[in-house]
2 protein chains.
Amino acid sequence: MGRTSDVKERLLEVAFDLISDHSYGSVSVDQICLRAEVNKGSFYHYFPSKSDLALAAYEEHWREKQPELDRIFSSQYPPLTRLQLWCNYIRERQRWKAEKFGHVCGCPYSSLGTELATQDERIRAKAEELVDRSLRYLESTLAEAKQQGVAGFTDAKLTARRIHSTVLGILLHAKIRNQLAVLDDLEPSVMNILRIPQAA
Amino acid sequence: MGRTSDVKERLLEVAFDLISDHSYGSVSVDQICLRAEVNKGSFYHYFPSKSDLALAAYEEHWREKQPELDRIFSSQYPPLTRLQLWCNYIRERQRWKAEKFGHVCGCPYSSLGTELATQDERIRAKAEELVDRSLRYLESTLAEAKQQGVAGFTDAKLTARRIHSTVLGILLHAKIRNQLAVLDDLEPSVMNILRIPQAA
DNA sequence: AAAGTAATTGACCGGTCAGTCAACGCATGC
DNA sequence: GCATGCGTTGACTGACCGGTCAATTACTTT
């Protein structure tokens, strides 16, 4: 056995940060290596290409985020509470990222996805997969909500997709306008789709 | 006076096509020049930089598209009909582009916007502006709809933004999944937000 | 037809891109 | 205590990047 190191982990983290802060195309392998304090040779020791790194970095990011989502969508909470927690989570996370990076970043998966959907089939497929994983939380939450009769919809899967589209659309808006305030309508929009009357 | 030519127009058209088909970062000035059959020197005779060309190309694209939108949102039609026409227009346009380019392209303005929102302030602002122009059609349509009492909402501006976000979100989904079928839910989603019962 | 000006050309620039490679540590297993 | 093999190094490659420029061409005006 040779030595071990955290080079791979550093590359994954730096790559995700830089790409979601800027864009895939505008971030170079050199920049990633510089920030991660890794030699270029080492980079290509761990990853066969830049796109392979991006793939791994985004998968890793999901892996780290998943426990948080499991907590938010815990069966401990009533379905509607989960949705509210989720909306707040997104808002807080965007606020945190905006502070860290100096601008609203939107959904990293769909940003990467839109940029490369027509360029790199593997990355498109990965973005689709990551986006679908969030969708699954929504689907099961809405299935439960329907069973409990707490909302005014019939097709849980369809409604989950609509909520998901709306949330992605609002995040997109927030990024393009660079305004966190756009996210204030996240929860009301979701509740509106579900026909849940809102408090003032 | 010296000579005149259509070099500028060719560059604008080719640039819009290539960038919306692929992405800003993955399209080079050389590629644009090659496709437009223009020498690189000529390019920089007409545009001071690549981003200036993108700016001009997207503005020009709107200029060409606007008459179509004016027709769709014509006062000749009842408000709800305008929205239906709009949804169909988006779907047909995406279908046409998908045939032309070989994959679903989504909304060009928000694609460029998300890619460069955190990179290039001028392009971010232009994307915001272009997106806002569509929003204006929605706002006035909904204001009229409200006045006629044909839909179940109170705040026309807010509802316009929600519809807009939803539509952008669905387009985003369609692009990431590379599935035109996603767009079938465009009109139902909009009508759902407006509380208009749908025919089967 | 000459003057003046806008359009065009394509070679050229320095820098950066993703990716390569042969040589070199260094911790471990034996 | 040395051989094994992973981890590391950084100079290097050739293509390509956005952008420049001085010389040339072609058209309009007078």
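Since we're looking at a predicted model, the values are computed, not measured.
- A close approach under 4.0 Å does occur between a side-chain nitrogen or oxygen of B:Tyr46 and OP1 or OP2 of C:dT8.
- A salt bridge links A:Asp17 and A:Lys100; the closest N-O separation between the charged side-chain nitrogens and carboxylate oxygens is under 4.0 Å.
- Comparing the axis of the opening five pairs of the helix from C:dA1-D:dT30 to C:dC30-D:dG1 with that of the closing five pairs yields an angle of 10°, rounded to 10°.
- Of the residues in residues 19-28 of chain A, A:Val27, A:Ser28 come within less than 4.0 Å of DNA chain C through at least one heavy atom, sorted by number.
- Going from atom CZ of B:Arg10 over to atom C1' of C:dA7 covers 12 Å, rounded to whole Å.
- For the residue pair B:Asn192 and A:Arg195, a side-chain donor N or O sits within less than 3.5 Å of a side-chain acceptor on the partner.
- Among the heavy atoms of the strands, none lies under 4.0 Å from A:Val38.
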Using the 3.5 Å cut-off, write out each protein N or O paired with an N or O of nucleotides 10-14 of chain C and the distance between them.
unit_1: C:dG10; atom_1: O6; unit_2: B:Gly41; atom_2: N; d: 3.4

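- Following rounding to the nearest Å, B:Leu11 (CG) and C:dT8 (P) show an atom-to-atom distance of 10 Å.
- Classification of B:Arg91 and B:Asp184 as a salt-bridged pair holds, one side-chain N sitting under 4.0 Å from a carboxylate O.
- One can place CZ of A:Phe43 at 16 Å from P of D:dG7, the figure rounded to the nearest angstrom.
- With respect to the salt-bridge test (charged N to carboxylate O, under 4.0 angstrom), the residues B:Arg161 and B:Glu139 do not qualify.
- Rounded to a whole Å, the CG atom of A:Asp30 is 15 Å from the P atom of D:dC12.
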**Item:** Stepwise salt bridge (Lys or Arg N to Asp or Glu O under 4.0 Å) test for B:Asp52 and B:Arg122
**Value:** CA-CA 9 Å; B:Asp52 281 282; B:Arg122 287 159 69 224; 2.4 Å; yes

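- The separation between B:Tyr44 atom OH and D:dG19 atom C1' is 5 Å, rounded to whole Å.
- Listed in residue order, the members of residues 52-61 of chain B having a heavy atom less than 4.0 Å from DNA chain D come to none.
- A salt bridge links A:Arg95 to A:Glu92: at least one charged side-chain nitrogen sits closer than 4.0 Å to a carboxylate oxygen.
- The cationic atom of B:Lys65 (NZ for Lys, CZ for Arg) does not lie both less than 6.0 Å from the six-membered ring centre of B:Tyr89 and within 45° of the ring axis.
- Between the side chains of A:Ser26 and B:Gln119, at least one donor N or O sits under 3.5 Å from an acceptor N or O.
- Atom CG in B:Asp6 sits roughly 19 Å away from atom P in C:dA6 (whole-Å rounding).
- Of all heavy-atom pairs spanning B:Leu180 and B:Ala98, the tightest one is CD1-CB, 4.0 Å.
- Look at B:Arg133 and B:Glu59 and you find a salt bridge, because one of the NZ, NE, NH1 or NH2 atoms lies within 4.0 Å of a carboxylate O, short of that distance.
- Residues B:Asp70 and B:Tyr137 bring a donor and an acceptor atom of their side chains to less than 3.5 Å of each other.
- Judged as a side-chain contact (heavy atoms from CB on, under 4.5 Å), and not counting sequence neighbours, the contacts of A:Ser189 are A:Thr166, A:Ile170, A:Asp185, B:Arg162.
- Looking at B:Glu121 and B:Arg124, a side-chain N of the basic residue comes within less than 4.0 Å of a carboxylate O on the acidic one, giving a salt bridge.
- If you measure from atom NE2 of B:His45 to atom P of D:dA23, you get 18 Å, rounded to the nearest angstrom.
- Annotation: ring-ring contact (aromatic ring centres under 6.0 Å, His included) contacts of B:His22 (sequence neighbours excluded): none.
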